[in-house]
Amino acid sequence: MKKILLIDNDKALCESLSGTLEANGYAVTCAHSAVEGRRLALALAPDAIVTEAMLETDNAGFELVYQIRDDRPDSRYAAIRDTPILLLTAIDQLTHFRFSLNEKQSYLPPISGMLSKPAQIDTLLSKLKDMVG
C-alpha cells in the first residue's frame, strides 16, 4: 500500500480526502502545518506528498517543497528529496500572487504536479497514480 502524506491546514478537507484516498488503496497520514509536514515526511518517508501552498503563511508550502528538494549532500532531507510532491492549492483564488497552474510556466520548486482546489477526485487519483503507481 502506497503511503501518502497530506499536508493542509484545513482539517475537514484532510479528513475527507484521507477517507477517499484510503478507500482507493492508499495509506494516508495528515499534517496541518509545514512544520508538522516536514517532521512526518522525515519520519514516514512517504511515497508521495500532497500539500497546500498556503499553510502557516501564504508561502509555507512552497518553502516546505524547497527544503525537501534541497540538493546539498548534507541536507537533512536527502533521503526524501526525490519524493513526488503534488500541490493541491487554492492560492490562485485567494491571493493576489501572480500564480500559474501551468506547471511549465511556473516559478515553483520542482514538483510532480499541481491541482487547483476544489479538485475533482478522479483527477487527484489520476495524478497520484501517475506519481506513485
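Note that the coordinates shown come from a computational prediction; the quantities given were computed from them, not determined experimentally. Any value given below was found using the heavy atoms of this structure, including those in side chains, with hydrogens, waters and symmetry copies removed.
Ser112 contributes a side-chain N or O that, together with a main-chain N or O of Ile85, makes up a donor-acceptor pair within less than 3.5 Å. Without hydrogens or angle criteria, Arg69 side chain to Arg81 main chain gives a donor-acceptor distance under 3.5 Å.
Taking Asp10 as the reference, nothing meets the side-chain hydrogen bond (donor to acceptor under 3.5 Å, both in side chains) condition, with sequence neighbours excluded. Considering only residues two or more places apart in sequence or on other chains, Lys129 meets the side chain to side chain contact (heavy atoms under 4.5 Å, CB included) condition with Tyr26. Evaluation of the side chain to side chain contact (heavy atoms under 4.5 Å, CB included) rule for Asp130 yields Ser126 as partners, not counting sequence neighbours.
How far CG of Asn59 is from CE of Met54: 11.0 Å, rounded to the nearest 0.5 Å. Between the CG atom of Asp82 and the OH atom of Tyr77 there is a distance of 15.5 Å, given to the nearest 0.5 Å.
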Let me check something: any side-chain donor-acceptor pairs from residues 31-46 under 3.5 Å, sequence neighbours excluded? List them with distances.
residue : atom : partner : partner atom : Å
His32   : ND1  : Asp8    : O            : 3.0
Ser33   : OG   : Glu36   : N            : 3.0
Glu36   : OE1  : His32   : N            : 2.8
Arg38   : NE   : Gln67   : OE1          : 3.3
Arg38   : NH1  : Gln67   : OE1          : 2.9

Donor-acceptor contacts, no H, no angles, side chain residues 13-22, under 3.5 Å, sequence neighbours left out:
residue : atom : partner : partner atom : Å
Ser18   : OG   : Glu22   : OE2          : 3.4
Thr20   : OG1  : Ser16   : O            : 3.2

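Looking at every heavy atom in both residues, Met131 comes nearest to Ala48 through CE-CB, 3.9 Å.
Surrounding CZ of Arg76 are at most 12 heavy atoms belonging to other residues, nucleotides or ligands under 6.0 Å away.
Screening Leu115, Ile7, Ile4 for a side-chain contact (heavy atoms from CB on, under 4.5 Å) involving Val50 leaves a single residue, Ile4.
Two residues are said to be in side-chain contact when any heavy atoms from C-beta on lie closer than 4.5 Å; Ile49 and Leu86 fail this criterion.
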